[in-house]
There are 2 protein chains.
Amino acid sequence: MKPVVTIEPNWQLCSDCAVRASAVCSSLDGIELREFEHLGRRVHFSSGETVFSEEDITTSFYNLVEGVMRLYKLLTDGRRQIVGFALPGDFLGMNVSGRHNFSADAIGAVTVCQFAKAPFGRFIEDRLHLLRRINELAIRELNQARDHMVLLGRRSADEKVAAFLLGWRERLVSLTGASDTVPLPMSRQDIADYLGLTIETVSRTFTKLERHGVIEIIHGGISLLDPAKVEALAAA
Amino acid sequence: MKPVVTIEPNWQLCSDCAVRASAVCSSLDGIELREFEHLGRRVHFSSGETVFSEEDITTSFYNLVEGVMRLYKLLTDGRRQIVGFALPGDFLGMNVSGRHNFSADAIGAVTVCQFAKAPFGRFIEDRLHLLRRINELAIRELNQARDHMVLLGRRSADEKVAAFLLGWRERLVSLTGASDTVPLPMSRQDIADYLGLTIETVSRTFTKLERHGVIEIIHGGISLLDPAKVEALAAA
DNA sequence: AAAGCCAGTTGACCCAGATCAATTTTGGAG
DNA sequence: CTCCAAAATTGATCTGGGTCAACTGGCTTT
């Protein structure tokens, strides 16, 4: 997959940014935002392109502005675990070792706001509120990661799939509003690698749920016909 | 398990603290440390006691000073996932919701340095270096959490056990020095709940490794007879 | 030292989900 | 539209690890 990276003229303004309110930048005031604008540059990636890879030296941080990304780790023999899906507003790339600790690629077209590591580090340096915001995002992610450990270690295939649908729907609420129609831009393989299952099991589980009238498999997603039933299956 | 909490007279000094160099407090200078001393109070817990529970309103943060703790989440039907083991120097209790997102109890006798949430929050308020340190710890933990997701979702029982032994040994290096003798203060059930296995599978796997001359099961732990073999089994 | 009690081990059997193997459906490209 | 390739579904079979059950070996208690 060749990286066809388009760099736009940097006329994009933070104040017009779609993720202004939810992203790291929500902690910045008007004056700071001006300065911040010059730090980031908008970069586009097309479907399937890799934004950064595990073990790469970290040269940039990324703020996802548009689209969906899969974050994953690979074992040497090719087994893959997707550790999360990123949505607009998510901040990616923070680490303590100087190297990325997972890979990230675009699911469909993606726009990110890219920050070179050093200037971003300098900008953050004495801005307590921005650091606090980043810390808050890290803690929130840590919490999600722990929830996902429970899913991976202690839930059945049915529970995993049901929990995934609900969790994904929930994450979309703040972006597209609440709805029983859940778009699934990622492939079945992606879902399988996120849930610690095989593609066949994911497919069979969807089909089973549909046969039971709990969901309907639609183009590019699923529709929750009986959300209460799905919640019961997820067995929180 | 009734909480027999002993509160010592607060003559304990941070400067004498065993975890002074590795814990959050490593970011504090001499003057700050004096003030910090008055914020925390040493509390002891005996084996099996719960320090805090998931969903409890967070009133305190904890710095583990001595002993080992298990951090876990429960499903309503009693299934348990241990999301981590805490060792001296680990900082526990940070969250964004105001409630703990996992439970923590003592494995063997434990000493913690307990900080009331509000004063600690005030102390942190304008101390960039302390916040940075906390952020660093959170990011490090997030990284660990992601590694553990790979283990839970994509590794076989043998790989899980081998990776656990190596990972645990590695964590002990900074505390007790490098050694092929790995103490395991936690029960087989704890190990199983950490690895997403049953107690029987953990036991069988240990026995198998011993039969193959890779490890030796000793009282209170295991000994790595062939560390290279264990590493090969872990299949990084 | 006997009794009781857990934690751990071991064995026999089973099943959820993996694997292997075809189809079928979908989405582009020409 | 037709053709092709990738994604998804479905079926048949297998197996790693779970479940159930018995046993063992330390500790504690008396």
Side-chain angles (χ1 to χ4, degrees), chain A residues 1 46-48 70 75 77-82 105 107-109 151-165 183-212 215-222 233 235, chain B residues 1 46-48 70 75 77-82 107-108 151-165 183-212 215-222 233 235:
Chain A
M1 194 66 57
S46 46
S47 192
R70 58 173 162 257
L75 294 180
D77 61 3
R79 281 175 288 177
R80 184 178 70 159
Q81 176 65 47
I82 291 186
D105 40 49
I107 296 176
L151 178 143
L152 289 171
R154 287 295 179 230
R155 298 182 110 116
S156 70
D158 288 359
E159 291 170 347
K160 284 177 175 181
V161 170
F164 166 67
L165 292 176
L184 297 175
M186 69 292 284
S187 69
R188 294 290 191 266
Q189 186 63 64
D190 287 341
I191 298 174
D193 286 347
Y194 181 58
L195 300 178
L197 297 171
T198 59
I199 184 174
E200 292 96 330
T201 299
V202 170
S203 183
R204 274 189 256 269
T205 305
F206 275 157
T207 308
K208 187 168 74 178
L209 291 176
E210 188 172 45
R211 266 203 315 272
H212 289 44
I215 66 167
E216 194 192 347
I217 301 169
I218 57 175
H219 178 80
I222 62 96
L233 280 170
Chain B
M1 195 65 56
S46 46
S47 191
R70 59 173 161 258
L75 295 179
D77 62 4
R79 280 175 288 176
R80 184 177 71 158
Q81 177 66 45
I82 291 186
I107 295 177
L151 179 144
L152 289 171
R154 287 293 178 232
R155 299 182 109 116
S156 69
D158 287 359
E159 291 170 347
K160 285 178 176 182
V161 170
F164 165 68
L165 291 178
L184 298 175
M186 69 291 284
S187 69
R188 295 289 190 266
Q189 186 64 65
D190 287 341
I191 298 174
D193 286 347
Y194 181 59
L195 300 178
L197 296 172
T198 59
I199 184 174
E200 292 94 331
T201 299
V202 171
S203 182
R204 274 189 256 268
T205 306
F206 275 157
T207 307
K208 187 167 71 177
L209 290 177
E210 188 172 45
R211 265 204 314 272
H212 289 48
I215 66 168
E216 194 193 346
I217 301 170
I218 56 177
H219 178 78
I222 62 97
L233 280 169

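The sequence lines fix the lettering, A, B, ..., with proteins before strands; numbering per chain opens at 1. Note that the structure is a prediction, hence the values are computed from the model and not measured.
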| task | Specify the separation, in whole Å, of atom CG of B:Leu209 and atom P of C:dT10. | result | 13 Å
| query | Could you go step by step and tell me if A:Phe206 and A:Leu165 meet the side chain to side chain contact (heavy atoms under 4.5 Å, CB included) rule? | reply | CA-CA 10 Å; A:Phe206 275 157; A:Leu165 292 176; 4.0 Å; yes
| note | Footprint ends on DNA chain D, 5' to 3', for atoms under 4.0 angstrom from a heavy atom of chain A, come out as D:dA8 to D:dA12
| field | Flag, side chain of A:Thr207 to backbone of A:Ser203, donor-acceptor distance under 3.5 Å | value | yes
| Does B:Glu216 reach the side chain of B:Ile222, with side-chain heavy atoms less than 4.5 Å apart? | no
| message | Measuring only between side-chain heavy atoms, which start at C-beta, is A:Tyr194 closer than 4.5 Å to A:Leu151? | response | no
What are the atom names and distances for every N/O pair under 3.5 Å that joins the protein to nucleotides 4-8 of chain C?
from: C:dG8; atom 1: OP2; to: B:Arg188; atom 2: N; distance (Å): 3.0

| task | Rounded to the nearest angstrom, tell me the gap between atom CG in A:Asp193 and atom P in C:dA18. | result | 11 Å
| message | List the residues meeting salt bridge (charged side-chain N to carboxylate O under 4.0 Å, His left out) with B:Glu200, not counting sequence neighbours, and say none if there are none. | response | none
| message | Rounded to whole Å, how long is the line connecting atom CZ of B:Arg211 with atom C1' of C:dT10? | response | 10 Å
| query | Any side-chain heavy atom of B:Gln81 sitting closer than 4.5 Å to one from A:Arg155? | reply | no
| Closest approach of B:Ala235 and B:Glu159, non-hydrogen atoms and distance? | CB-OE2, 3.7 Å
| message | Among C:dG17, C:dT19, C:dT10, which nucleotide has an atom closest to any side-chain atom of B:Thr207? | response | C:dT10
| request: Working to the nearest 0.5 Å, report the span between CD1 of B:Ile199 and CZ of B:Arg204. | output: 11.0 Å
| task | Write down the distance between CG (A:Leu195) and C1' (C:dA18), rounded to a whole number of angstrom. | result | 15 Å
| task | Determine the minimum heavy-atom distance between B:Gly108 and B:Ser47, stating which atoms define it. | result | N-OG, 3.2 Å
| said: Evaluate A:Val202 against A:Thr205 for side chain to side chain contact (heavy atoms under 4.5 Å, CB included), listing each step before the verdict. | reply: CA-CA 5 Å; A:Val202 170; A:Thr205 305; 5.8 Å; no
| message | When the axes are fitted on five pairs at both termini, how much does the helix from C:dA1-D:dT30 to C:dG30-D:dC1 curve, in 10° steps? | response | 40°
| Residue met sooner reading DNA chain C from 5', once B:Phe206 and B:Arg154 are mapped to nucleotides | B:Phe206
Report each atom pair, protein N/O against N/O of nucleotides 25-30 of chain C, whose distance is under 3.5 angstrom.
from: C:dG27; atom 1: OP1; to: A:His219; atom 2: ND1; distance (Å): 3.0
from: C:dG27; atom 1: OP1; to: A:His219; atom 2: NE2; distance (Å): 3.2

| query | Separation of A:Asp158 atom CG from C:dA18 atom P, in whole Å? | reply | 12 Å
| field | Test side chain to side chain contact (heavy atoms under 4.5 Å, CB included) applied to B:Leu209 and B:Asp158, B:Leu233, B:Ile217, the passing residue | value | B:Leu233
| Who passes salt bridge (charged side-chain N to carboxylate O under 4.0 Å, His left out) against A:Arg80, sequence neighbours left out? | A:Asp190, A:Asp193
| So, does B:Arg154 use its side chain to make a donor-acceptor pair with the main chain of A:Leu197 at under 3.5 Å? | yes
